[in-house]
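What follows is a single structure, written as structure tokens, with notes after it.
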Amino acid sequence: MNKEAMTGKLIVFEGIDGAGKTTQIRLLEGYLKEKGRPVVCTAEPTDLPSGKALRRALSGEEQKTPCELAALFTLDRIAHNIQPEVGITALLKNGNDVICDRYFYSTLAYQGAETDAEWVRSMNLNCPEIRHPDLCIFLDLLPEESMKRINRRTETREIYETSERLERVRAQFHAVLQTFDPQSVRIVDAARPIDEVQAEIRKIVDSLLQS
Ligand code: TMP
């Protein structure tokens, strides 16, 4: 097998909170494993020190400005990429597919809406230590439905979990996603039953693996 063939794919899931990323990622992981592909699931914010600082900020425990948040998410992403052995770059190089729950599209949508969007975009897309995904799947859901799911799931609210804010973030996500190659960024209607959503995701991933 040549070096190119050994490289795995980086597949990112995005969506507003409550869109069903966790469930769909778990099902896709099972599917890829059944196909005999080594796969590692990961998420941002990470469990690294930068990710822990982000969690404290998201819970409201520590105040951060929009620019600080944007920079910290980007720093966390760099650390996520370059960590030895378990970082995204190393995992892909060793032939694993990597499924990541959130990536730079989230920073562009959430932080881009709160500060200078061009600065946030450039910091992420032009960073040599942040890999560009092979595929981004955006699970699209109306904020009202997403709030219902969030309320069923948990008592605690993170700072982005209010309906008006989700509405703004969803609009921002759509604006951001339009600026990427439509082949690599796919919008999937997440209001449908879990199995239907997963079937569409598998089709999209199959065509990526064949390309
Ligand atoms: P999670 O609920 O998917 O774990 O994500 C935690 C929160 O972090 C979620 O409300 C979205 C937010 N977030 C950003 O604002 N910017 C980012 O770059 C990422 C990765 C997440």
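Counting convention: from 1, in listed order, for ligands and their atoms alike. The figures here come from the full heavy-atom set of this structure, side chains too, leaving out hydrogens, waters and symmetry mates.
Ligand 1 has no N or O atom lying under 3.5 Å from any N or O atom of E44, backbone or side chain. Taking only nitrogen or oxygen atoms, main chain and side chain alike, Y110 does not reach within less than 3.5 Å of ligand 1.
Taking CG of N96 as the start and NZ of K9 as the end, the distance is 14.0 Å to the nearest 0.5 Å.
Near R77, with a cut-off below 4.0 Å to any heavy atom, the atoms of ligand 1 are 18 (O), 20 (C). Using a 4.0 Å cut-off to heavy atoms of K21, the atoms of ligand 1 that qualify are 3 (O). For ligand 1, the atoms closer than 4.0 angstrom to any heavy atom of T107 are 17 (C), 18 (O).
Counting heavy atoms from C-beta on, the side chains of C41 and D101 never come closer than 4.5 Å.
Using a 4.0 Å cut-off between heavy atoms, R55 contacts ligand 1 through its side chain alone, with no backbone atom that close. With a 4.0 Å heavy-atom cut-off, ligand 1 is reached by the side chain of L58 but not by its N, CA, C or O. Under 4.0 angstrom from ligand 1, the non-hydrogen atoms of D17 all belong to its side chain.
Remark: among candidates F13, Y103, F73, the nearest residue to atom 17 (C) of ligand 1 is F73, based on non-hydrogen atoms.
In the hydrophobic clustering, I204 connects to I11, F13, I25, L28, Y31, L32, V39, I99, L135, I137, L139, V188, V197, I201, V205, L208, L209, either directly or through intervening members, whenever side-chain heavy atoms lie under 4.5 Å apart.
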Pair L125-I130, side-chain contact (heavy atoms from CB on, under 4.5 Å): steps then yes or no: CA-CA 7 Å; L125 269 56; I130 294 180; over 6 Å; no

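Just one residue in the list Y105, F104, F180 forms a ring pair (Phe, Tyr, Trp, His ring centres under 6.0 Å) with H132, and that residue is F104.
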List the atom pairs, donor and acceptor, that lie under 3.5 Å between side-chain atoms in residues 75-82 and the rest of the protein, sequence neighbours left out.
residue	atom	partner	partner atom	Å
D76	OD1	T46	OG1	2.5
D76	OD1	S50	OG	2.7
D76	OD1	G51	N	3.1
D76	OD2	T46	N	2.9
D76	OD2	T46	OG1	3.4
R77	NE	E44	OE1	2.7
R77	NH1	T107	OG1	2.8
R77	NH1	N124	OD1	2.7
R77	NH2	E44	OE1	2.9
R77	NH2	Y103	O	3.3
R77	NH2	T107	OG1	2.9
H80	ND1	E44	OE2	2.8
H80	NE2	T42	OG1	2.6
N81	OD1	R131	N	3.1
N81	ND2	R77	O	2.9
N81	ND2	Y103	OH	3.1

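With hydrogens and angles left out, the side-chain atoms of Q172 and R168 include no donor and acceptor closer than 3.5 Å.
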